[in-house]
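Reviewing the structure listed below.
The residues of the chain are indexed from 1 along the displayed sequence.
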Amino acid sequence: DFLQGNPMGDYMAYQKGMKAGDVHPVVKAMNVLGYDCGTLGNHEFNYGLDFMFNTLGGAKFPFVCANLTKGKLAADPKDDELFFKPYVILERMIRDGSGQESPIKVGFIGFVPPQIMLWDAKNLEGKALTRDILQAARAFVPQMKEEGADIVVALSHSGIDGQGEKEGMENASLYLAGVNGIDAVFTGHQHLVFPGSKDFEDVPGADAVKGTLLGKPAVMAGFWGSHMGLIDLLLEKDGNSWKIVDFTSEARPIYHRDDNRKVVADVDDKPEVVTAIAEDHQATLAYVRTPVGKTS
């Protein structure tokens, strides 16, 4: 959910617009921060597909989504005609305790809630379809492993619901963690915090203290950038492959409230991000301060 939700999002969509070749301020900020991969939230579709694709065109990193199709659903999810690559496998170098560097292949696979077909029907009807998250995962994750992914990370814009698996779930991340081959899950959509809050302490299969879903490390990082979700994996070389021997999972807040409930920042702004979007920020302020009428 990075395109819609605040005045800057509306300014870009309704006032300035996005032409092919333009770079959206949120994408400018993400490029500065150096993301490796992203997926789509349901609010990316609020302004229509053309606006979304013009925006994503400015990203210096890939977006993946395994369950958004251009037409009817195929008998096998792997045969779906997708708008995005279902996954990417990125090779990185990792330095071990002795200082030796070795390559590791990290796979990222992305999912959007199937319910976008209801919420944004006016933008998507006749243009797109969605598949069940778990169906897509069970089709593509084995393929990722076959292609050499040592670690598979699910980017799941889907919340945590422990009331039993069913087709077309909006909040499927708990059961997604149970898919064989997935090692870690970044969740979202519910705008809550996991681990470290009481939001999910009663969900069977979710450990809100350790930060696991069905034993796999997972995070949900609040909303409006309130937290940074961190999954730190301790890896060990096992022959020609890697295995996870330990991990930590946490949602780190960027602020706290003092005794008077006043917000106190725990981290400083990143100047490069502020600079990258300064012009768009000022334009947004001018936009929201524009008089729309007068009354006596």
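Side-chain N or O atoms of D150 include one that pairs as donor or acceptor with a backbone N or O of K105 at under 3.5 Å. Side chain of N31 to main chain of A59: no donor-acceptor pair is present (N/O by atom type, distance under 3.5 Å, no hydrogens or angles). Side-chain N or O atoms of E91 include none that pairs as donor or acceptor with a backbone N or O of P103 at under 3.5 Å. In this structure a side-chain-to-backbone donor-acceptor pair under 3.5 Å is present from E44 to G41. Checking side-chain atoms of Y175 against main-chain N and O of G164 turns up a donor-acceptor pair under 3.5 Å. Counting only distance, with no hydrogens or angles, the side chain of D132 and the backbone of G168 share a donor-acceptor pair below 3.5 Å. A donor-acceptor pair under 3.5 Å is absent between the side-chain atoms of K237 and the main chain of S241, judged by distance alone. In this structure, the side chain of S173 engages the main chain of S158 through a donor-acceptor pair within 3.5 Å. In this structure, the side chain of D161 engages the main chain of Q163 through a donor-acceptor pair within 3.5 Å. Checking side-chain atoms of T69 against main-chain N and O of T130 turns up no donor-acceptor pair under 3.5 Å.
Side-chain contact between N171 and Q190 is present, with heavy atoms from C-beta onward closer than 4.5 Å. For the pair L192/F194, no side-chain contact is recorded, criterion being any heavy-atom separation below 4.5 Å from C-beta on. Side-chain contact between V64 and C37 is present, with at least one heavy-atom pair separated by less than 4.5 Å. Proximity of T275 to V273: side-chain heavy atoms (C-beta onward) are nowhere separated by under 4.5 Å. In this structure the side chain of I254 never reaches within 4.5 angstrom of the side chain of D266, judged on heavy atoms. Counting heavy atoms from C-beta outward, L134 and V179 have side chains that approach closer than 4.5 Å. Residues F45 and L3 fail the side-chain proximity criterion, which asks for heavy atoms closer than 4.5 Å. Contact annotation: the side chain of F111 approaches that of L176 to within less than 4.5 Å [non-hydrogen atoms, C-beta and beyond].
If you take CD1 on I94 and CD1 on I104, they are separated by 4.5 Å, rounding to the nearest 0.5 Å. Remark: M30 CE to I277 CD1 distance equals 11.5 Å, nearest 0.5 Å. Within the model, atoms CD1 of I151 and CD1 of I244 stand 4.0 Å from one another, a figure rounded to the nearest 0.5 Å. The structure places CD1 of I160 at 9.0 Å from CG of D199, a figure rounded to the nearest 0.5 Å. In this structure, CG on D238 lies 9.5 Å from CG on N240, to the nearest 0.5 angstrom. The CD1 atom of I133 sits 8.5 Å away from atom CE of M169, with the distance rounded to the nearest 0.5 Å.
Ion pairing of D36 with R92 is present here, as a side-chain N (NZ or NE/NH1/NH2) and a carboxylate O approach within less than 4.0 Å. A salt bridge is absent between E146 and K78: the closest approach of a Lys/Arg side-chain nitrogen to an acidic carboxylate oxygen does not fall below 4.0 angstrom. Taking 4.0 Å as the cut-off between side-chain N and carboxylate O, D280 and K16 count as a salt-bridged pair. Using a 4.0 Å cut-off between charged nitrogen and carboxylate oxygen, D183 and K216 do not count as a salt-bridge pair.
When hydrophobic clusters are built by joining Ile, Leu, Val, Met, Phe, Trp and Tyr residues whose side-chain heavy atoms come closer than 4.5 Å, directly or via intermediates, V263 is grouped together with V267. Hydrophobic clustering (side-chain heavy atoms under 4.5 Å, transitive across Ile, Leu, Val, Met, Phe, Trp, Tyr) groups Y11 together with V23. Cluster annotation: V185 is connected to F140 through the hydrophobic network of ILVMFWY side chains, with a link wherever side-chain heavy atoms come within less than 4.5 Å. Residue M12 is grouped with residue V27 when hydrophobic side chains (ILVMFWY) are merged at heavy-atom distances under 4.5 angstrom, including chains of intermediate members. At a threshold of 4.5 Å between side-chain heavy atoms, the hydrophobic network of Ile, Leu, Val, Met, Phe, Trp and Tyr places Y287 and L285 in two separate groups.
In the displayed structure, K166 atom NZ is contacted under 6.0 Å by more than 12 heavy atoms of other residues, nucleotides or ligands. In this structure, D22 places its CG atom where more than 12 heavy-atom neighbours from other residues, nucleotides or ligands lie under 6.0 Å away. Heavy atoms from other residues, nucleotides or ligands lying under 6.0 Å from CD of E279 number 12 at most. Counting heavy-atom neighbours within 6.0 Å of E147 CD, excluding the residue itself, gives a total above 12. Within a 6.0 Å radius of CZ in R257, other residues, nucleotides and ligands contribute more than 12 heavy atoms. Few gaps surround CZ on F83; more than 12 heavy atoms of other groups in view lie less than 6.0 Å from it.
Partner N42 forms a side chain to side chain donor-acceptor pair (under 3.5 Å) with one of H157, Q115, Q4 and no other, that one being H157.
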Just do the side chain to side chain contact (heavy atoms under 4.5 Å, CB included) check on L33 and K270 with the steps written out, would you?
CA-CA 9 Å; L33 287 168; K270 194 170 175 68; 3.6 Å; yes
Show your working on side chain to side chain contact (heavy atoms under 4.5 Å, CB included) between L233 and I231 and close with a plain yes or no.
CA-CA 6 Å; L233 304 176; I231 295 175; 3.7 Å; yes
Using the rule given for side chain to side chain contact (heavy atoms under 4.5 Å, CB included), can you reason through Q143 versus Y87, listing the C-alpha separation, both sets of side-chain angles and the distance that settles it, and then say yes or no?
CA-CA 10 Å; Q143 190 169 299; Y87 58 85; 2.8 Å; yes
Side chain to side chain contact (heavy atoms under 4.5 Å, CB included) for K127 and L49? Distances and angles first, verdict last.
CA-CA 9 Å; K127 300 175 183 176; L49 289 174; 4.0 Å; yes
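The nearest pair of heavy atoms linking L82 to C65 is CD1-O, 4.1 Å. Between M220 and G188 the shortest heavy-atom distance is CE-O, 3.4 Å. Residues H189 and E170 share a closest heavy-atom pair of NE2-OE2, 2.7 Å. Scanning both residues, L174 and G162, for their nearest heavy atoms gives CD2-CA, 3.7 Å. A pairwise comparison of heavy atoms in S249 and V219 identifies OG-CG1, 3.2 Å as the closest pair. In this structure, A139 and D76 approach most closely via the heavy-atom pair CB-OD1, 4.5 Å.
The ring of F84 has its center no closer than 6.0 angstrom to the ring center of F63. Between F53 and F51, the ring center distance fails the sub-6.0 Å criterion. Taking the ring centroids of Y47 and Y14, they lie under the 6.0 Å cut-off.
Of the N and O atoms on the side chains of N46 and D120, at least one donor lies less than 3.5 Å from an acceptor on the other residue. T187 and S156 share no donor-acceptor pair across their side chains, judged by distance under 3.5 Å alone.
Applying the ring pair (Phe, Tyr, Trp, His ring centres under 6.0 Å) test to pairs two or more places apart or on separate chains, those with a residue in residues 210-257 are H191-F223.
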